[in-house]
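What follows is one structure encoded as structure tokens, with my remarks underneath.
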Amino acid sequence: MAVLYKLQQDNRDTSQHKGEWYARAKMLDIIELDELAQLIQDNTTAKKADALAVLTEMVEQMKSLLKRSYAVRIPGLGIFKVGLKTSPAATAQEFTAAKNVKGMRLNFLNEWTVDKNGKRTITMLQDVTVKELPKNAVETEP
């Protein structure tokens with residue numbers, strides 16, 4: 001299996017690379033939690049209901065831990081942690097959360113492996129190949 005891509009031309013007037021072509025990954029669909037639980041049932045001894053319960057509780061526990069300033073590491077996947085969007089203050093004394101913290105985001109740090117030549121690879125993308133989307137493929141998005 002391969003990740004599919006479609007060629008896209010850069011048509012931005014302000015781009016240094018206007019007219020050049022790039023590959024853009026195309027996702028075929030989104031797999032929802034229920035479908036993921038079914039796949040787990042199909043490939044393990046766990047029942048779909050058990051997998052769904054564990055995955056749902058994992059999300060709830062991750063939310064709880066992130067709210068309490070913990071990072072969550074899932075081996076083979078990576079680390080999830082909270083990041084802040086802030087505006088600067090002239091001095092440390094002038095910085096307040098109410099005035100300077102503008103929002104939050106969820107940061108994800110991929111887990112990497114390093115081969116003997118020092119090349120880093122995202123663990124989840126090891127052995128992934130790419131293939132151009134067939135020319136007659138039907139677009140399902142606007």
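All figures in this text were calculated on a predicted structure; none of them were measured in a lab.
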* From Leu36 CG over to Lys48 NZ, what is the distance, rounded to the nearest 0.5 angstrom? -> 10.5 Å

* Partners passing salt bridge (charged side-chain N to carboxylate O under 4.0 Å, His left out) against Glu60 (at least two apart in sequence or in another chain) -> Lys63

* Structure fact -> Lys18 and Asn11 have their tightest heavy-atom pair at NZ-O, 3.1 Å

* Reported CZ-to-NZ distance for the pair Arg105 and Lys85, which is rounded to 0.5 angstrom -> 6.5 Å

With a 3.5 Å cut-off and sequence neighbours excluded, list the donor-acceptor pairs that the side chains of residues 88-95 form with protein atoms.
{"unit_1": "Thr91", "atom_1": "OG1", "unit_2": "Glu94", "atom_2": "N", "d": "3.2"}
{"unit_1": "Thr91", "atom_1": "OG1", "unit_2": "Glu94", "atom_2": "OE2", "d": "3.2"}

* **Separation of Tyr5 OH from Lys131 NZ (nearest 0.5 Å)** => 10.5 Å

* Taking atom CE of Met124 and atom CH2 of Trp112, what is their separation to the nearest 0.5 Å? -> 13.5 Å

Run the side-chain donor-acceptor check on residues 74-84: report pairs under 3.5 Å with partners two or more places apart or on a different chain.
none

* Asked: Other hydrophobic cluster members with Val54, side-chain heavy atoms of Ile/Leu/Val/Met/Phe/Trp/Tyr under 4.5 Å, chained?
  -> none

* Asked: Do Leu7 and Val130 share a hydrophobic cluster (ILVMFWY, side-chain heavy atoms under 4.5 Å, transitive)?
  -> yes

* **CA sep, side-chain torsions, deciding dist, call: Gln126, Thr113, side chain to side chain contact (heavy atoms under 4.5 Å, CB included)** => CA-CA 9 Å; Gln126 285 179 323; Thr113 57; 2.7 Å; yes

* To do: Output every pair passing ring-ring contact (aromatic ring centres under 6.0 Å, His included) with a member in residues 16-71, not counting sequence neighbours, ordered by first then second residue.
  => none

* Cationic N near anionic O, under 4.0 Å, Arg120 to Asp115 -> no

* Enter the distance from Leu33:CG to Ile40:CD1 here, rounded to the nearest 0.5 Å. => 8.0 Å

* Kindly compute the distance separating OG1 (Thr123) from CG (Asn110), expressed to the nearest 0.5 Å. => 8.0 Å

* Asked: Under a 4.5 Å side-chain heavy-atom rule over Ile, Leu, Val, Met, Phe, Trp and Tyr, are Leu66 and Met104 clustered together?
  -> yes

* Where the side chain of Lys102 meets the backbone of Lys99, is there a donor-acceptor pair that is under 3.5 Å apart? -> yes

* Got a sec: does the CD of Glu57 have more than 12 other heavy atoms crowding it under 6.0 Å? -> yes

* **Residues which pass side-chain contact (heavy atoms from CB on, under 4.5 Å) with Ser64, listed by chain and number, not counting sequence neighbours** => Arg68

* Asked: Does Arg24 offer a backbone N or O that forms a donor-acceptor pair with the side chain of Gln8 under 3.5 Å?
  -> no

* Report yes or no: do Met27 and Val128 belong to one cluster of Ile/Leu/Val/Met/Phe/Trp/Tyr joined by side chain heavy-atom distances under 4.5 Å? => yes

* Distance-only donor-acceptor check, side chains Asp34 and Gln38, under 3.5 Å -> no

* Heavy-atom pair of closest approach, residues Val3 and Ala25 -> CG1-CB, 4.2 Å

* Checking Asp50 side chain against Ala46 main chain: does a donor-acceptor pair fall under 3.5 Å? -> no

* Side chains of Ser15 and Asp10: do they bring a donor and an acceptor to under 3.5 Å? -> yes

